[in-house]
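Since the structure comes first, as structure tokens, the remarks are kept for the end.
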Amino acid sequence: MPARTDFPGVLELLTHAVESVGGAERPGQVKMADAVGHAIRTGEHLAVQAGTGTGKSLAYLVPAIRHAVEKDTTVVVSTATIALQRQLVDRDLPRLAKALKKPLGREPTFAILKGRRNYLCLHRLDTGPADEPEDAQLFDPFAVSRLGKEVTRLHEWTSDTETGDRDELVPGVSDQAWRQVSVTARECLGAAKCPVGTDCFAERARAEAGRADVVVTNHALLAIDALQGYQVLPDHDLVIIDEAHDLVDRVTSVATGELTSAMVSAAARRCGKLMDAGIADRLLESSDGLALILDDIPAGRLDTLPKPLQGAIPAVRDAAKECLTALGSDRKEDVGEATARKLARSLLEEVHDTAVRLLDAYDEDLAHQRDVVWLTGDKYSANPRPPALKVAPLGVAGLLRERVFNQHTTVLTSATLTLGGEFDTMARQWGLPPGGARVTKAPGTATDKEAPSDEDTGPKWTGLDVGSPFDHRRNGILYLAKHLPPPGRDGLAESTMDELAELVEAAGGRTLGLFSSMRAAKQAAEAMRERLDHPILCQGDDATPLLVKQFSADPRTCLFGTLTLWQGVDVPGPSLQLVVVDRIPFPRPDDPVSSARQRAVEARGGNGFLTVAATHAALLLAQGTGRLHRSVTDRGVVAVLDSRLATARYGGFLRASLPPFWPTTDPQVARDALKRLDAAAPA
């Protein structure tokens, strides 16, 4: 059949799609869809800030689907959260596929693809995990432990599931139970060698993705596809990154390595009967030595490698290398031995490679270091954790530039991308050259203090802010509590508590409190319960989704919490008319990655505070204050109880990152507005 030459244009398809799903076309949506279409045609990357309510999913899906069908190719859409994945796969794409079937000549197809660990492994289910001897009891049908019951339930679920996708198991099971029936990509035998390879859930999902027009995945798998030496995602020439504000953190997480004594000893046990016992014993001995040394080192960032580790880590590296050599290459063997060999090699390689990376992290001077190393663990807490050495990249810009932007046309979108009033802050983190686009800066923006960057010629890109359907200045007030003292280290001040109580009382409840720490959230919740009659929920009292549901159902209820709520709450209507932020959410001074990044910027002559700490705070503030407006009829007040937002030199940069609310520093103005909203709200 000859290829069609009469494909309808992007805007024509968008109009048809919006009418078919019973929506209304929005100016920002049209502008964004046109820009995405232009990026696809030219191959020029695009960053789009699209406020909540713009309809950005349709704005990028319509041109993406058109491109996939016209060119008979696959488009990858990557998200940060499961919630958005589910929205795309369960709602947006099915409706669009039906709506676009007639104008495109066939119904577009779509699939969801996750990492191999997210799918049930039939071979692992048959053979059981080979690590710990106690695992055998988990497959005893009479096991009474919670873990045993969960694994038994997973065995029963095998006959019911068609996908083997963990997210479809309701209720879910613990990570420990799921590890008994799943494998990583490194542990997988491969479809050709696996005795149940033809029925493999993960392979089936990959095959379905390879045939689909649109593949929905997550930032972690996108990073794995870029980091690994083998292909994970199907061939594609266009990738759309939604929730792009989270991209750097998710990629950094995937690129973080870990080394523990338990990993080393598990690798030694996996070697088992596969090699001379003396060789495996040397690895086990290196594990014991590492455990003794890690127990004596305090947790925190390791700017220099402690002398004891200068001997222990090379010992682990060399012993793991010796085991890998003894293990030899794959050869023809029975399935059981092949499985044991694959499991041993996967963990040995991880131990060896992480040890090498830990040692290499100290080869460069501060200005050129690529990785930061730190030790975690808290043996004195109520829930003690064994110590673990971690190593993470100081930046992922080079990786993203080389493996994503240089390989595929890329569209990045989110409601919060213009920090300090422009795209360049995020662009630098992604590996795109600054200056691709600028937007109008708010008065007082402090972006001139950002760290200098290499003015090279990198991938071409355009930035576009399509605005928001919300009238922030008419429907929202940004109240800066300029009169309060700057926050201290000893919890919330009494004057801050007084201010919070007066605001919540004026609002009649209806408050989402976003706090920089769980300690502060609990302190505020306890104090407000004593002072006010309104129900006060605090994160940790119950599962967060249940708390949000309860908060949404009762307008008089307040919900206090930390980071999850800054980005994850979507409560339109009169239940939420006041968002309170206790302090500017700078990263903790002892956070190993952000503090090392800040130090590296300063070593290159830049402003580390503004480049790292203020950027982190701006992104979270933009996300948190965005909780206020979730529909065009929402109205309310955002109250920031940190006077530094009004008085500090960097305050202009942070304010320029927020939605354009009407600003005030007068507490009476804020309280009066809340009282009027409370009086006008339905009972």
Over all heavy atoms of both residues, which pair between [X] and [Y] is shortest? Give the atoms and the distance, please.
X      : Y      : answer
Ala33  : Val10  : O-CG1, 3.6 Å
Pro459 : Asn406 : CG-OD1, 3.8 Å
Ala24  : Gln29  : O-OE1, 4.4 Å
Pro469 : Gly51  : CD-O, 4.5 Å
Ser657 : Ala618 : OG-CB, 3.4 Å
Arg597 : Leu394 : NE-O, 2.6 Å

Cationic N near anionic O, under 4.0 Å, Arg556 to Asp678: yes

salt_bridge(Asp167, Lys114) N-O dist < 4.0 Å: yes

Give, for atom CG of Leu478 and atom OG1 of Thr664, the distance between the pair rounded to the nearest 0.5 Å. 9.0 Å

Measure the CD1-OG1 distance between Ile240 and Thr409 for me, rounded to the nearest 0.5 Å. 10.5 Å

Within the 3.5 Å criterion, strictly below it, is a donor on His483 or Glu499 matched to an acceptor on the partner's side chain? yes

Between His67 and Asp237, is there a side-chain donor-acceptor contact under 3.5 Å, judged purely by atom types and distance? yes

Donor-acceptor pair, side chain of Arg671 and main chain of Glu502, under 3.5 angstrom: no

Mind checking whether [X] and [Y] have side chains closer than 4.5 Å, heavy atoms only?
X      : Y      : result
Ile40  : Arg66  : no
Thr496 : Pro487 : no
Leu247 : Met426 : no
Val48  : Lys56  : no
Trp461 : Trp430 : no
Leu512 : Val571 : no
Arg428 : Thr611 : no
Leu432 : Phe405 : yes

I'd like to know whether Thr615 forms a side chain to side chain contact (heavy atoms under 4.5 Å, CB included) with Phe653, so could you lay out the CA-CA distance, the side-chain angles of the two residues, the decisive distance to 0.1 Å, and finally the verdict. CA-CA 9 Å; Thr615 295; Phe653 171 78; 4.1 Å; yes

Neighbour count >12 (heavy atoms, 6.0 Å) for atom [atom1], [X]:
X      : atom1 : value
Arg635 : CZ    : no
Ile82  : CD1   : no
Arg86  : CZ    : yes

Hey, can you tell me if Phe661 and His629 have their rings parallel, tilted or perpendicular (30° and 60° cut-offs)? tilted

Walk me through it: do Val36 and Met32 pass the test side chain to side chain contact (heavy atoms under 4.5 Å, CB included)? CA-CA 6 Å; Val36 174; Met32 179 175 173; 4.3 Å; yes

Full working for side chain to side chain contact (heavy atoms under 4.5 Å, CB included) between Leu11 and Asp34: CA-CA 7 Å; Leu11 298 186; Asp34 191 41; 4.1 Å; yes

Name the residue from Val75, Leu93, Asp213, Leu13 that meets the side-chain contact (heavy atoms from CB on, under 4.5 Å) definition with Ile65. Leu93

Between Ser631 and Asp634, does a side-chain hydrogen bond (donor to acceptor under 3.5 Å, both in side chains) hold up when you go through it step by step? CA-CA 6 Å; Ser631 74; Asp634 285 348; 3.1 Å; yes

Worked check of side chain to side chain contact (heavy atoms under 4.5 Å, CB included) between Gln567 and Glu243: CA-CA 11 Å; Gln567 302 188 75; Glu243 301 177 311; over 6 Å; no

Verify side-chain hydrogen bond (donor to acceptor under 3.5 Å, both in side chains) between Thr462 and Glu44, making sure each step is shown before the conclusion. CA-CA 7 Å; Thr462 300; Glu44 186 175 280; 2.3 Å; yes

